[in-house]
Chemist: 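Quick one: the structure is below, questions incoming.
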Amino acid sequence: MTFYDVEDYAEVYHEMNTNFSKDLSADLSKYLMRNGAKVNSLLDLACGTGVFCELMNKKWKLKKCVGIDLSKKMLKIAKDNTKGGIKYIYGDMTSFDLGTQFDLITCNYDAINHLEEFDAWEKMFKSVYKHLNNGGYFVFDYNTNHKLERYSNSFWFTENRDFDFVSHIHTAGNKLCFQEYVYKKNPDGTYKKYKTKELKEACFDDKKIAASLNKVGFKDVKMCDKGYELTDFNVSRVYVICKK
Ligand SMILES: C[S@@+](CC[C@H](N)C(=O)[O-])C[C@H]1O[C@@H](n2cnc3c(N)ncnc32)[C@H](O)[C@@H]1O
């Protein structure tokens with residue numbers, strides 16, 4: 001995934017985005033515990049720099065934990081930072097065959113939107129189904145068509161203690177196109193600039209996604225808001241949770 005392999009962008013991505021994985025692993029763990037799930041194994045698709053794998057591995061004392069990603073630089077950071085016990089594999093989330101099954105399969109932080117054709121989403125759903133234990137959970141989140149409309153041709157700016165972040169967003173058909181600039185503060189008060197290539201994400205209709213999951217065989221498909229509360233779909237990001 002060349003976008004994430006631009007210069008040292010993976011490094012700054014890792015520093016900037018750990019909070020998403022922290023919130024998600026806490027919210028998801030709460031949901032799974034409330035529902036009496038037994039999670040001994042996790043497969044995280046498009047695992048990036050491995051933050052979610054590490055947090056879940058620690059929380060659930062997993063017997064098997066695997067992360068797959070298509071960016072060598074993201075995987076290098078994951079491997080360098082691992083506390084051990086997790087296997088990181090270079091591979092495509094739409095076509096993998098690990099010859100083993102898991103209690104939980106995840107794909108987080110709108111990584112699925114990188115698949116630009118809906119056929120690729122369906123291909124991934126089928127591979128996930130094959131790799132899930134009976135009763136196992138498949139969990140992912142995606143940027144919605146609502147986000148596509150809301151952020152059409154906009155300019156997004158955030159600042160915090162260590163980073164300023166600017167994103168130019170425009171839309172083309174069902175695609176959100178971003179170009180991101182990150183300014184990381186150096187100890188001497190100067191900034192280092194990181195600039196990405198253009199990143200495309202495709203958005204699809206919520207009903208089409210739910211129907212496809214049902215067609216593949218998933219049951220109890222729930223489309224939720226953050227914290228796994230049911231949503232009215234009027235949101236930028238939907239969190240999906242379903243079972244085999
Ligand atoms: C927004 S990052 C999310 C990373 C991680 N899930 C997280 O929560 O921080 C998207 C990730 O998807 C990966 N990716 C994109 N397309 C992929 C594919 N077809 N197969 C595997 N990984 C892919 C990228 O390399 C990148 O690491």
Side-chain angles (χ1 to χ4, degrees), residues 1-26 44-56 67-83 86 88-94 106-116 120 140-144 147-148 150-203 226 236-237:
M1 190 67 188
T2 54
F3 170 82
Y4 290 95
D5 281 350
V6 178
E7 294 169 3
D8 37 13
Y9 182 73
E11 201 181 285
V12 80
Y13 177 93
H14 180 65
E15 289 180 48
M16 279 199 315
N17 292 298
T18 49
N19 282 344
F20 186 89
S21 291
K22 279 186 189 156
D23 286 355
L24 186 76
S25 61
D44 187 30
L45 301 173
C47 63
T49 60
V51 179
F52 184 78
C53 281
E54 298 295 329
L55 290 164
M56 292 295 278
I68 293 184
D69 202 282
L70 209 48
S71 156
K72 290 189 173 148
K73 290 198 174 177
M74 297 290 251
L75 285 173
K76 181 172 182 331
I77 293 173
K79 286 176 187 167
D80 287 350
N81 287 321
T82 188
K83 309 262 179 315
I86 302 172
Y88 290 109
I89 299 174
Y90 175 75
D92 188 332
M93 63 178 152
T94 63
T106 50
C107 181
N108 305 324
Y109 217 177
D110 54 79
I112 194 167
N113 291 88
H114 287 304
L115 305 176
E116 290 185 40
F140 66 99
D141 62 86
Y142 64 92
N143 281 329
T144 61
K147 178 161 183 174
L148 193 77
R150 192 159 139 211
Y151 287 99
S152 175
N153 304 324
S154 64
F155 182 73
W156 197 51
F157 180 78
T158 53
E159 53 183 327
N160 69 22
R161 199 166 48 84
D162 302 313
F163 303 99
D164 286 345
F165 175 85
V166 181
S167 184
H168 297 263
I169 306 175
H170 66 273
T171 55
N174 70 333
K175 304 228 175 25
L176 272 168
C177 311
F178 308 83
Q179 179 137 34
E180 298 182 349
Y181 298 80
V182 178
Y183 300 88
K184 184 180 167 191
K185 211 175 271 177
N186 294 317
D188 64 2
T190 60
Y191 285 83
K192 178 170 178 190
K193 178 179 168 186
Y194 299 79
K195 179 175 164 240
T196 68
K197 280 188 189 168
E198 189 173 77
L199 160 72
K200 284 200 191 72
E201 288 196 356
C203 300
K226 191 174 185 298
S236 299
R237 179 185 301 279

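When a residue number appears, it is its place in the shown sequence, counting from 1.
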Chemist: Which residues satisfy the side-chain contact (heavy atoms from CB on, under 4.5 Å) test with N19, sequence neighbours excluded?
Modeler: K22
Chemist: Look at the aromatic rings of Y9 and Y13 and report parallel, tilted or perpendicular, splitting at 30° and 60°.
Modeler: tilted
Chemist: Going by distance alone, is a donor N or O of one side chain under 3.5 Å from an acceptor N or O of the other, for Y88 and D69?
Modeler: no
Chemist: Apply salt bridge (charged side-chain N to carboxylate O under 4.0 Å, His left out) to E15 and list each qualifying residue two or more places apart in sequence or on a separate chain.
Modeler: K184
Chemist: Which atoms form the tightest heavy-atom contact between I112 and Y142, and what is the distance?
Modeler: CG2-CB, 3.8 Å
Chemist: Quick one: list whatever passes side-chain contact (heavy atoms from CB on, under 4.5 Å) with K226, sequence neighbours left out.
Modeler: D23, D27, Y239
Chemist: Measure the spacing between CG of L75 and OG1 of T49 and express it to the nearest 0.5 Å.
Modeler: 9.5 Å
Chemist: Quick one, Y194 with D8, criterion side-chain hydrogen bond (donor to acceptor under 3.5 Å, both in side chains). Give me CA distance, side-chain angles, the key distance, then yes/no.
Modeler: CA-CA 8 Å; Y194 299 79; D8 37 13; 4.8 Å; no
Chemist: Measure the OG1-CG distance between T106 and L24 for me, rounded to the nearest 0.5 Å.
Modeler: 8.0 Å
Chemist: Which value, rounded to the nearest 0.5 Å, describes the distance between S236 atom OG and D141 atom CG?
Modeler: 12.0 Å
Chemist: To the nearest 0.5 Å, tell me how far K192 NZ sits from E11 CD.
Modeler: 6.0 Å
Chemist: Looking only at heavy atoms, which two atoms of D44 and C53 are closest? And how far apart?
Modeler: CB-SG, 3.6 Å
Chemist: Between N113 (side chain) and N143 (backbone), is there a donor-acceptor pair under 3.5 Å?
Modeler: yes
Chemist: Could you tell me if the side chain of N81 sits less than 4.5 Å from the side chain of E54, heavy atoms only?
Modeler: no
Chemist: Please name all residues satisfying salt bridge (charged side-chain N to carboxylate O under 4.0 Å, His left out) with D188, sequence neighbours left out, ordered by chain then number.
Modeler: none
Chemist: Can you name the nearest heavy-atom pair linking C203 to L148, along with the distance?
Modeler: SG-CD1, 4.0 Å
Chemist: Do the side chains of K175 and E201 get nearer than 4.5 Å, heavy atoms only?
Modeler: no
Chemist: So how far is it from C107 SG to F52 CZ, rounded to the nearest 0.5 Å?
Modeler: 10.5 Å
Chemist: Go through the structure and list residues passing salt bridge (charged side-chain N to carboxylate O under 4.0 Å, His left out) with K76, not counting sequence neighbours.
Modeler: D80
Chemist: So do the side chains of L199 and H114 get within less than 4.5 Å of each other, counting heavy atoms only?
Modeler: yes
Chemist: Checking D92 now: which residues fulfil side-chain contact (heavy atoms from CB on, under 4.5 Å) with it, not counting sequence neighbours?
Modeler: L70, T94, S95
Chemist: What's the spacing between I68 CD1 and I89 CD1 if we round to 0.5 Å?
Modeler: 5.0 Å
